[in-house]
Amino acid sequence: MTKEENEARLSKLKAIVSAMPEKPGSYQYYDAEGTIIYVGKAKNLKNRVSSYFHSEVDRFKTKVLVSKIWDISYTVVNTEEDALLLENALIKKYNPRYNVLLKDGKTYPSICITKEYLPRIFSTRVINKKGGTYYGPYSHVGSMHAVLELIKKLYHPRTCRQPITEEGVNDRKYQVCLEYHLKNCGGPCVNKQSWENYQKNIGQAREILKGNTRQVLRDMKEEMMQLAENLRFEEAEEIKRRYLLIEQFVAKSEVVSQTINNVDVLSITNDEKVAFINYIHVSNGQINQSFTFEYKKRLAESDEELLQLAIVEMRERFNSHAKEIILPQEVDINLEGVTITVPQRGDKKTLLDLSIMNGKQYKFDRLKQAEKLNPEQKQVRLMKELQDLLHMPKLPYQIECFDNSNISGTDAVAACVVFKKMKPSKQDYRKYNIKTVVGPDDYASMKEVVYRRYKRLLEEGQPLPDLIVADGGKGQMEVIREVIQDELNLYIPIAGLAKNDKHRTNELLYGFPPRVIGIKDTSELFRVLTQLQDEVHRFAITFHRDKRSKHALHSELDDIKGIGPKTRDELLNGLKSVKKIREADLSVLSEIIGAAKAKIVFKHFHPEE
């Protein structure tokens, strides 16, 4: 598109905007092919749409959207609530490219009570409102089956699928089935159970599905007491059985408060590209619905915009008519007869916290699923987490850690381990014999090794680490800083892993002067850092042990020039000790290792001869 064509396009669009009314409504953007690419809503159409064409628009994605717009249409409505509903309907209908995407790939089951003469109760994923009343959907299938099982135990609704009519029952067209003989059905099809009693049971089942268990319990208690007064104890016992079943079921459900009734709760948990919005519905003080939706962002939508969309979507989906909505923040939305609450304390705040916890757990579960499919995603997440925690300029792809090992200064060694993408890179591990330090001086040993390590990397043009981790606290960190910054003039972030009195790592230190970084010792990131620390300990101690072992196994035979390990072993196998080899004459030695090598050994022990 040429500059002239673009100017003509913008001129046409601005002319449309200038003629738009200052009323609530929904607007639609079209691309060059006439496809709707974005649907929005506004309290004031003219003001909202004109904001897209201001020169100071700074969001990149919004600029991309504007560059694709070739035409605009709009629909005026009476209220802001109507605008929300219209926007929601159009987004579902056209699925525009630049609108937030509700990722809802599967249909969750609902419970249906049919509109038959003798209603049936069952779970289904197909909604046909002409055929019955639907309760749900249930995001947790186990909860749905628990409710169905309760209703089955309480009321024994019929499970047969044959169409039963009043005329058929009166004309005795039907016969009882096996379910009747198993006492799973009262036999209403042959008048073994009266139609009135069956309908009463179905009515109570409806109340349970609505969450009105308290009213059901009150009614049952009154009926039970009335039957007992009339000395109808067997019937009272049956009511008591049902009463206890419902009471037990209610005890397992989440009870919020005796004072909270018919309330919607929404919370939002954000990711860079996805938002997770949890919805909870409370009826009669109990949570009877909890559901988390996943929204894929398209234009870096704000939390307020996403919550507005979710409020309409979820109230419509769950057929909620709650007069109060609890939210984590103020939202510019006006629903007739509905109060928006942002609680700071009390039972409503507890309920909001519960919703937030569910949203975070859903996000965590989705992350785990993605990481199982793509293990590298976990490593990138941990690197990003560490980068954010330490405010580092780039991802810590390569991390190096040092440790010293000696016994009273003898056989002093050091080790460097390297982690790349949060995993050990063993081919990059390095061992160091301490050369310039006499005695047990950990700081001096660390200084020598760090200098040798990074001086060599600089000389060879090798990549430097993104983070150095000191196995220790402030002292070790300062020694490393002196070498890196003062002597080599490098800038490499330095962290420290300090231990408590029980010799357990309990603090992550960073910065100069070092400060404690808040990190949970149960987190995955902390476990990776302690793995790094344990690995450098293991590597240094193993190297030190090997070095000590070589010294312990060293014998005088190893110092004889011209005598190798094989000859040494032959002599030791034949004469058992260095003392006996020293005392042996030339002929004995010759029998074991030959005349030439025997002369070398004999001459070493008897230079005067």
Side-chain angles (χ1 to χ4, degrees), residues 107-169 174 176-177 179-180 182-220 223 238-239 241-243 245-246 248-250 252-253 262 281-284 286-291 314-322:
T107 303
Y108 290 92
S110 298
I111 292 177
C112 174
I113 298 183
T114 63
K115 295 179 179 178
E116 297 171 277
Y117 174 69
L118 294 175
R120 293 178 295 129
I121 303 176
F122 56 89
S123 65
T124 180
R125 294 179 188 270
V126 179
I127 306 298
N128 179 10
K129 292 185 178 180
K130 291 182 180 180
T133 306
Y134 293 83
Y135 300 87
Y138 289 85
S139 56
H140 189 268
V141 178
S143 299
M144 180 195 69
H145 286 306
V147 177
L148 282 173
E149 187 64 25
L150 174 70
I151 290 172
K152 183 179 177 181
K153 287 181 179 179
L154 287 171
Y155 305 117
H156 305 304
R158 73 182 183 98
T159 56
C160 58
R161 295 187 179 183
Q162 67 172 323
I164 297 177
T165 63
E166 183 178 2
E167 294 78 11
V169 173
Y174 312 111
V176 293
C177 61
E179 290 294 299
Y180 170 77
L182 293 173
K183 299 187 184 303
N184 292 331
C185 177
C189 59
V190 293
N191 275 327
K192 296 285 186 182
Q193 180 184 11
S194 70
W195 182 85
E196 291 76 12
N197 182 261
Y198 189 88
Q199 292 296 337
K200 178 184 174 183
N201 288 348
I202 294 296
Q204 289 188 352
R206 290 182 193 276
E207 294 303 311
I208 290 173
L209 291 173
K210 291 176 185 176
N212 297 334
T213 50
R214 290 179 188 169
Q215 186 59 47
V216 174
L217 287 172
R218 281 194 292 267
D219 293 344
M220 292 178 75
E223 185 180 2
E238 175 60 22
I239 300 296
R241 182 188 69 82
R242 296 182 181 185
Y243 182 94
L245 280 172
I246 297 176
Q248 184 182 9
F249 174 77
V250 171
K252 291 180 180 178
S253 65
N262 200 18
H281 180 71
V282 179
S283 178
N284 290 316
Q286 290 175 207
I287 295 174
N288 60 16
Q289 197 61 250
S290 178
F291 199 93
M314 295 188 192
R315 285 171 68 85
E316 178 187 310
R317 176 174 291 214
F318 293 101
N319 194 27
S320 171
H321 301 287

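Throughout, residue positions are numbered sequentially from 1 according to the sequence presented.
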Tell me, do Gln204 and Leu154 make a side-chain contact under 4.5 Å, heavy atoms counted?
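Of all side-chain heavy-atom pairs linking Leu154 with Gln204, none is under 4.5 Å.
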
Tyr134 and Val126, any side-chain heavy atoms less than 4.5 Å apart:
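Side-chain contact under 4.5 Å: no.
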
Can you list everything that forms a salt bridge (Lys or Arg N to Asp or Glu O under 4.0 Å) with Lys153? Sequence neighbours excluded, please.
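Lys153: no salt bridge (Lys or Arg N to Asp or Glu O under 4.0 Å) contacts found.
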
Mind checking what makes salt bridge (Lys or Arg N to Asp or Glu O under 4.0 Å) contact with Arg120, not counting sequence neighbours?
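Result, salt bridge (Lys or Arg N to Asp or Glu O under 4.0 Å) vs Arg120: Glu116.
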
[atom1] of [X] to [atom2] of [Y]: how many Å apart, nearest 0.5 Å?
{"X": "Cys189", "Y": "Trp195", "atom1": "SG", "atom2": "CH2", "answer": "16.0 Å"}
{"X": "Phe122", "Y": "Ile151", "atom1": "CZ", "atom2": "CD1", "answer": "12.5 Å"}
{"X": "His156", "Y": "Ile121", "atom1": "NE2", "atom2": "CD1", "answer": "12.0 Å"}
{"X": "Tyr243", "Y": "Glu238", "atom1": "OH", "atom2": "CD", "answer": "15.5 Å"}

State which residues pass side-chain contact (heavy atoms from CB on, under 4.5 Å) with [X]; sequence neighbours excluded, sorted by chain then number.
{"X": "Glu166", "value": "Tyr117, Asn170"}
{"X": "Tyr198", "value": "Leu118, Pro119, Pro157, Arg158, Pro188, Gln193, Ile202"}
{"X": "Glu179", "value": "Thr159, Cys177, Leu182, Asn184, Cys185"}

If you look at every heavy atom in Cys112 and Gly132, which pair is closest and at what distance?
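Minimum heavy-atom contact is SG-CA, 4.3 Å.
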
Thr114 versus Arg206, closest heavy-atom pair with distance:
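That closest heavy-atom pairing would be O-NH2, 4.4 Å.
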
Take Asn191 and Tyr174 through the side-chain contact (heavy atoms from CB on, under 4.5 Å) test and state the conclusion after the steps.
CA-CA 10 Å; Asn191 275 327; Tyr174 312 111; over 6 Å; no

side-chain hydrogen bond (donor to acceptor under 3.5 Å, both in side chains) with Lys115: which residues, sequence neighbours excluded?
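Here no residue qualifies.
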
